[in-house]
Amino acid sequence: MARRPGAPAAYGEDFSFVSPLVISMVMVAVGVYARLMKHAAALACLAVDPAILLIVVGILMFLLTFCGCIGSLRENICLLQTFSLCLTIVFLLQLAAGVLGFIFSDKARGKVSEIINNAIVHYRDDLDLQNLIDFGQKKFGCCGGISYKDWSLNMYFNCSEDNPSRERCSVPYSCCLPTPNQAVINTMCGQGMQALDYLEASKVIYTNGCIDRLVNWIHSNLFVLGGVALGLAIPQLVGILLSMILVSQIKDQIKLQLYNQQHRADPWY
């Protein structure tokens, strides 16, 4: 269907919906593949399974892009209004999450602590989770949630006397301080570290918890995070505004056509 004369496009002439559609389908495909490849309740200790999150985000992106694409090409008011409404809801949810996270920072900190502790418990249950924790501890130079002794929550690293594990009272190698010019990673460098006090353990491993490190990192990068949030919000607001403008202009064109039809039927016209 050709565009009505005088009705401008909601997007620039060079804009293509192919990229968003392809990205959304790839996200869904990766999420489904990752979910099917899990043998058990993979990453169940996290608030949301990343595989499921990819599927949900991919489906939402596909629906939003479909509504915006077909709505603008076919000048369908219902699809354009759905596109605008969904973008508005997403924007408001992001805004509410940011405000609530700032106001209830203590509760947010407690939730993060709960997630990290659950991740520690299931550290050996899933290789992806294990790699994620190791990456985080290396990146932020931390160990455990509050302190390195949080690793006693894991059944393999627990310090109880009846624990037969060879890793009893230890911490993962990712907690260890980096060694210059180390050709081979010593995966046993955290052996028995939980039995040491903070001063002695700090000579070999990171003793500070990852929660405090994460909070400090967020405070140090507030401007960067704000810029990222603004960069995500601006396209949403532009999409909402353009879709509303197009809906308004389509309605004006419909009223004009009805007006012309009525006057053509008038013998005195």
Side-chain angles (χ1 to χ4, degrees), residues 26-59 97 101 107-179 182 184-196 198 201-202 204-215 217-218:
V26 169
M27 290 177 66
V28 173
V30 172
V32 171
Y33 174 79
R35 188 61 185 173
L36 292 177
M37 290 300 292
K38 298 296 181 182
H39 301 290
L43 301 178
C45 57
L46 299 179
V48 180
D49 191 325
I52 296 178
L53 186 61
L54 275 176
I55 296 173
V56 172
V57 172
I59 292 174
K107 291 185 178 181
R109 181 189 178 95
K111 184 62 178 178
V112 171
S113 177
E114 179 183 346
I115 293 174
I116 291 178
N117 288 337
N118 288 333
I120 289 174
V121 171
H122 296 277
Y123 176 75
R124 291 297 190 195
D125 298 343
D126 184 82
L127 183 60
D128 293 335
L129 176 63
Q130 181 175 324
N131 291 333
L132 178 62
I133 294 175
D134 288 336
F135 172 79
Q137 292 190 147
K138 290 179 181 178
K139 176 67 176 179
F140 294 103
C142 58
C143 187
I146 305 295
S147 73
Y148 66 101
K149 294 192 176 182
D150 288 340
W151 279 101
S152 277
L153 296 172
N154 186 280
M155 60 183 297
Y156 297 98
F157 298 104
N158 190 277
C159 284
S160 60
E161 295 293 337
D162 56 348
N163 183 10
S165 173
R166 292 182 178 180
E167 296 180 307
R168 175 181 171 274
C169 230
S170 300
V171 295
Y173 78 95
S174 55
C175 289
C176 297
L177 297 174
T179 302
Q182 185 179 22
V184 179
I185 297 176
N186 179 15
T187 57
M188 302 300 293
C189 59
Q191 189 74 25
M193 288 295 110
Q194 291 187 62
L196 304 179
Y198 280 85
S202 63
V204 182
I205 64 172
Y206 300 110
T207 54
N208 293 326
C210 292
I211 297 177
D212 291 334
R213 292 286 190 178
L214 180 60
V215 171
W217 181 85
I218 292 175

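Y198 OH: more than 12 foreign heavy atoms inside a 6.0 Å radius. The 12-atom threshold is not exceeded at CD1 of I185, counting heavy atoms of other residues, nucleotides or ligands nearer than 6.0 Å.
Atom CD1 of I211 and atom CG of L214 lie 8.5 Å apart (nearest 0.5 Å). Considering CE of M193 and OG1 of T207, their distance stands at 11.5 Å, rounded to 0.5 Å. Here the straight-line distance linking atom NZ of K139 with atom CH2 of W217 works out to 8.0 Å at 0.5 Å rounding. Distance check, rounded to the nearest 0.5 Å: OH of Y148 to CG of N208 gives 11.0 Å. The CG atom of N186 sits 9.5 Å away from atom CD of Q191, with the distance rounded to the nearest 0.5 Å.
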Worked verdict on L153 versus I120 for side chain to side chain contact (heavy atoms under 4.5 Å, CB included): CA-CA 7 Å; L153 296 172; I120 289 174; 4.2 Å; yes
Go through the steps for F157 and V171 under the test side chain to side chain contact (heavy atoms under 4.5 Å, CB included), then give the verdict. CA-CA 7 Å; F157 298 104; V171 295; 5.6 Å; no
Pair C142, C175 - check disulfide bond (SG atoms under 2.5 Å apart), show working. CA-CA 6 Å; C142 58; C175 289; over 6 Å; no
Apply side-chain hydrogen bond (donor to acceptor under 3.5 Å, both in side chains) to residues N163 and S165 and explain how you reach the verdict. CA-CA 6 Å; N163 183 10; S165 173; 4.6 Å; no
R124/E167 under side chain to side chain contact (heavy atoms under 4.5 Å, CB included): CA gap, chis, key distance, verdict: CA-CA 12 Å; R124 291 297 190 195; E167 296 180 307; 2.4 Å; yes
Assess the residue pair S170 and Q194 against the criterion (side-chain hydrogen bond (donor to acceptor under 3.5 Å, both in side chains)); give the C-alpha distance rounded to whole Å, side-chain angles, the decisive distance to 0.1 Å, and a yes or no. CA-CA 6 Å; S170 300; Q194 291 187 62; over 6 Å; no
Could you walk me through whether C210 and C143 pass disulfide bond (SG atoms under 2.5 Å apart), step by step? CA-CA 6 Å; C210 292; C143 187; over 6 Å; no
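Side-chain contact between L177 and V204: absent, with no pair of heavy atoms (C-beta onward) separated by less than 4.5 Å. Proximity of I116 to S113: side-chain heavy atoms (C-beta onward) are nowhere separated by under 4.5 Å.
Residue E161 comes nearest to R168 through the heavy atom pair OE2-NH2, 3.4 Å, listed as atom of the first residue, atom of the second, then distance. Across all non-hydrogen atoms, the minimal contact from Y173 to D134 is CE2-OD2, 3.8 Å. The heavy-atom pair separating S160 from D162 by the smallest distance is OG-OD1, 2.9 Å. For the residue pair C176 and Y206, the shortest heavy atom distance occurs at O-CE1, 3.6 Å. Considering all non-hydrogen atoms of both residues, Q137 and G144 come closest at OE1-N, 3.0 Å.
Ring pair Y156/W151: centre-to-centre distance not below 6.0 Å.
Side chain of N117 to main chain of E114: no donor-acceptor pair is present (N/O by atom type, distance under 3.5 Å, no hydrogens or angles).
Scored by the salt bridge (charged side-chain N to carboxylate O under 4.0 Å, His left out) test, R213 finds no partners at all (sequence neighbours excluded).
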